Amino acid sequence: MTRVYGIFGWPVAHSRSPAMHNAAFAALGLDAVYVPLAVQPERLGRAVEALRALGIAGVNVTLPHKTEVIPLLDEITPAARAMAAVNTVIRREQWLVGDNTDAEGLARSLREAQVALHGASAVVLGAGGAARAAVFGLASSGALRITVAARNRAAATALVAELASHAPAVTLATCGLDAELTSALSSCSLLIQATSATLGASEAADAFAASLPLEALPASATVCDLVYKPLRTAVLVRADRLGLRTVDGLGMLLHQGALAFERWTEQTAPIDVMRQALGHDRTR
Ligand code: NDP
């Protein structure tokens, strides 16, 4: 019988996950299909019940459901618990496990781009869900120091406090997006742009990129923007001009999807097929 997978989101029509997963199923000859499932926030509980009742094999979960879905599941993995967010639901008979592959997906994407994570000194811009995944992913990959830089200092402090117990060997700090950021960047090897400020090509995105003291980064530093619409964000364009190494956000999307695929199917994900379905060029 055809196995059905999907993605819960609202809105969800824009999601690139169906193309990526359907290409992977076809490449491995699996009798499975992956569909977008538009779930209104007030109907999330019923959607999870439908998942059980219909025998849907697994789902990804995207905004705005990543946190709200937690109490509706039977088990939450330590990674998802630490990030307070689920992006993958794995079904074991009637038992639903909530996992999160975002942090590991980012780490894989950076390693694929030959970025050294062990011993890294990183600055993460933003204090939302993507920043939380980035901090957890870097801390789990051997980073030595991580500074969370956000305009909302209280949110940065709360994020660091919540993740501190998961990163006992890491020096965690916070700073604003002001002069303190210049100092933090001057001694960092990796900058992760995890705000939504670069989303969409706009004057505001350009102004945000121009406001960052990227020239303070060491010449050997890497700049990664988690936003992938546009693929070359204003921050990556500026970093390119300064001669810095850059990594786009599509790699994280690809690898979090590949990890979800592997959790569901227990088969190695056909990464190049999935990359092609996303239109990702790993050489850029
Ligand atoms: P959230 O809404 O949870 O957080 C957004 C963060 O951006 C907040 O800290 C917010 O600050 C900050 N921010 C927004 N605008 C500005 C600005 N002009 N200046 C400074 N800070 C700003 O979103 P997520 O963390 O979930 O996602 C962030 C981005 O990451 C998304 O746009 C998405 O495209 C991308 N993403 C990519 C993934 C991938 O697989 N590549 C996975 C997940 C996300 P404040 O609280 O002060 O408003």
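Model, not experiment: these values are computed from the prediction. Note that ligands are numbered from 1 as they come in the structure, with each ligand's atoms numbered from 1 the same way.
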Heavy-atom contacts under 4.0 Å to ligand 1, chain-then-number order, include exactly G126, A127, G128, G129, A130, R151, N152, L177, A194, T195, S196, A197, L199, F208, L226, V227, Y228, G249, M252, L253
What do you reckon, is CD of Q276 surrounded by more than 12 foreign heavy atoms closer than 6.0 Å?
-> no
More than 12 foreign heavy atoms under 6.0 Å from CZ of R3: is that the case here?
-> no
Sequence neighbours left out, what pairs pass salt bridge (charged side-chain N to carboxylate O under 4.0 Å, His left out) with at least one residue falling in residues 199-218?
-> E215-R238
Residue of the set T101, N60, T62 for which side chain to side chain donor-acceptor pair (under 3.5 Å) holds with N87 = T101
Say whether W264 and I56 are linked into one hydrophobic cluster, either directly or through other cluster members, by side-chain heavy-atom distances under 4.5 angstrom.
-> no
E49 and R52 ion-paired at < 4.0 Å = yes
